[in-house]
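Here's the structure, in C-alpha cells; my notes come after.
Just so you know, ligand 1 is whichever comes first in the structure, and atom 1 is the first atom listed for that ligand.
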Amino acid sequence: MKNIVVYKSKYGSTEKYAKWIGEELNCKVSKIGNINIDDLLNYDNIVFGGWLHAGSIKGFKQIYKDIDKLKNKNLIVFSVGLSIMDDKILEEVNKNNFKDTDNIKHFYLRGAFNYKNLTAPDKLMMNMFKMILKRQKEEEMDENTKGMLEAYTTPVDFTDKDSIKPIIDAINIINLQ
Ligand SMILES: Cc1cc2nc3c(=O)[nH]c(=O)nc-3n(C[C@H](O)[C@H](O)[C@H](O)COP(=O)(O)O)c2cc1C
C-alpha cells in the first residue's frame, strides 16, 4: 500500500513528527500547502498531522473539505499539542474536528512550547488563555493547568520519537489487511 504523510506545523514539532513517521514508513512527506487533493488520491494511506490551536487541528480543513473523495482511503490523523491528553480533552478535539461517521484514526502527540518564540497574535491568544487558567485557585488546579502555566516561563519540549509507535503499528495493521 502507498503511504504519504502531510502536515501543517508552525513552530516545528509537527514537522519533526511528520518526518519521523515518513522515515519509518519510508514514504513521501509533504507540507499540506504543497499538495492537492488529486495528488492525495494516488495514495492508500494518508497520514495527516496538524498542531492544535484552541482545540482545532490546524490545516486539517484543507483535507476535510474533500473528505467524500477520500472515502476509500485510510485517513490517519495525528494532532500535536501541549496538553497532557485525557479522555475529556480527546473527546473535545474529536468533536471539534471530526464527525462520528468519519472513518478516521486519530492519535495525539505532545509537542513543544516556547512562549518567547511565538508570533504576536499567538502571544495575544496565549495571554488570554493564561488569564482564563489563572482564574482557578492554585490549590484547585490540575497537573495540566499547572504545567501549561509553567510553560509560559520555562520552554518545554515533549517531542519523542517513541510516541509515533502506535501510529506506525496502526498503519502496519492496515497494510496487512
Ligand atoms: C495560539 C496557540 C494555541 C494553542 N492551542 C492549543 C490547544 O488548544 N491545545 C493544546 O494541547 N496545545 C495548544 N497549543 C500548543 C501547540 O499546539 C504546541 O505548541 C505545538 O507543539 C505546536 O506545533 P508546531 O510546533 O508544529 O507548530 C497552542 C499554541 C498556540 C501558540
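For the pair D44/N175, no side-chain contact is recorded, criterion being any heavy-atom separation below 4.5 Å from C-beta on. Side chains of F78 and Y17 form a contact here, defined as non-hydrogen atoms less than 4.5 Å apart.
Here K19 pairs with E15 in a salt bridge; the nearest charged N to carboxylate O distance falls below 4.0 Å. Ionic pairing of E138 and K146 is not present here: no N-O contact between side-chain nitrogen and carboxylate oxygen is shorter than 4.0 angstrom. Using a 4.0 Å cut-off between a side-chain N of Lys or Arg and a carboxylate O of Asp or Glu, D122 and K10 qualify as a salt bridge. Salt-bridge formation is detected for the pair D157/K16: a Lys NZ or Arg NE/NH1/NH2 atom is positioned less than 4.0 Å from an Asp or Glu carboxylate oxygen.
Polar contact check, S83 against ligand 1: a nitrogen or oxygen pair lies under 3.5 Å apart. Checking only distances, K10 does come within under 3.5 Å of ligand 1, N or O to N or O. For ligand 1, the polar-atom distance check against E15 finds no nitrogen or oxygen pair separated by under 3.5 Å.
Counting heavy atoms closer than 4.0 Å to ligand 1, residue F158 contributes nothing at all. Of the heavy atoms in A112, only backbone atoms (N, CA, C, O) come closer than 4.0 Å to ligand 1. Contacts of A54 with ligand 1, taken as heavy-atom pairs under 4.0 Å, involve the backbone alone. Counting heavy atoms closer than 4.0 Å to ligand 1, residue L118 contributes side-chain atoms (C-beta onward) but none from N, CA, C or O.
Contact record, N97 with G55: ND2-O, 3.0 Å, taken as the closest heavy-atom pair. Of all non-hydrogen atoms in N144 and I84, the two that sit nearest each other are OD1-N, 2.9 Å.
Geometrically, K31 does not engage Y7 in a cation-pi contact, judged by NZ or CZ lying under 6.0 Å from the ring centre and within 45° of the ring axis.
The ligand atoms of ligand 1 that sit less than 4.0 angstrom from a heavy atom of G81 are 10 (C), 11 (O), 12 (N), 17 (O). Close contacts between ligand 1 and Y11 involve ligand atoms 24 (P), 25 (O), 27 (O) [criterion: under 4.0 Å to a heavy atom]. In the vicinity of S9, heavy-atom distances shorter than 4.0 Å reach the ligand 1 atoms 24 (P), 26 (O), 27 (O). Ligand 1 places these atoms under 4.0 Å from at least one heavy atom of G111: 21 (O). Atoms of ligand 1 lying under 4.0 Å from any heavy atom of Y108, numbered from 1 in the order shown and given with element: 11 (O). The distance from ligand 1 to the heavy atoms of V80 drops below 4.0 Å at these ligand atoms: 17 (O), 20 (C), 21 (O). Heavy-atom contacts of T14 reach the following atoms of ligand 1: 23 (O), 24 (P), 26 (O) (cutoff under 4.0 Å). Close contacts of ligand 1 with G55, meaning ligand atoms under 4.0 Å from a residue heavy atom, involve 7 (C), 8 (O).
Counting protein heavy atoms only, atom 22 (C) of ligand 1 is closest to W51 CB, 3.7 Å. Among protein heavy atoms, the minimum distance from atom 13 (C) of ligand 1 is reached at L52 O, 3.3 Å. Nearest protein heavy-atom contact of atom 25 (O) of ligand 1 is S13 N, 2.8 Å. Protein heavy atom nearest atom 12 (N) of ligand 1, with residue, atom name and distance: L82 N, 3.0 Å. Ranking the protein heavy atoms by distance from atom 2 (C) of ligand 1 puts M126 SD, 3.5 Å first.
Under the 30°/60° scheme for interplanar angles, the aromatic rings of F113 and Y115 are found to be tilted.
Put simply, the side chain of R110 never gets that close to the backbone of T159: no donor and acceptor are under 3.5 Å apart.
A ring-centre distance under 6.0 Å is found for F98 and F60.
Distance check: M141 CE to E143 CD gives 11.5 Å after rounding to the nearest 0.5 Å.
Between Y115 and ligand 1 there is no heavy-atom distance shorter than 4.0 Å.
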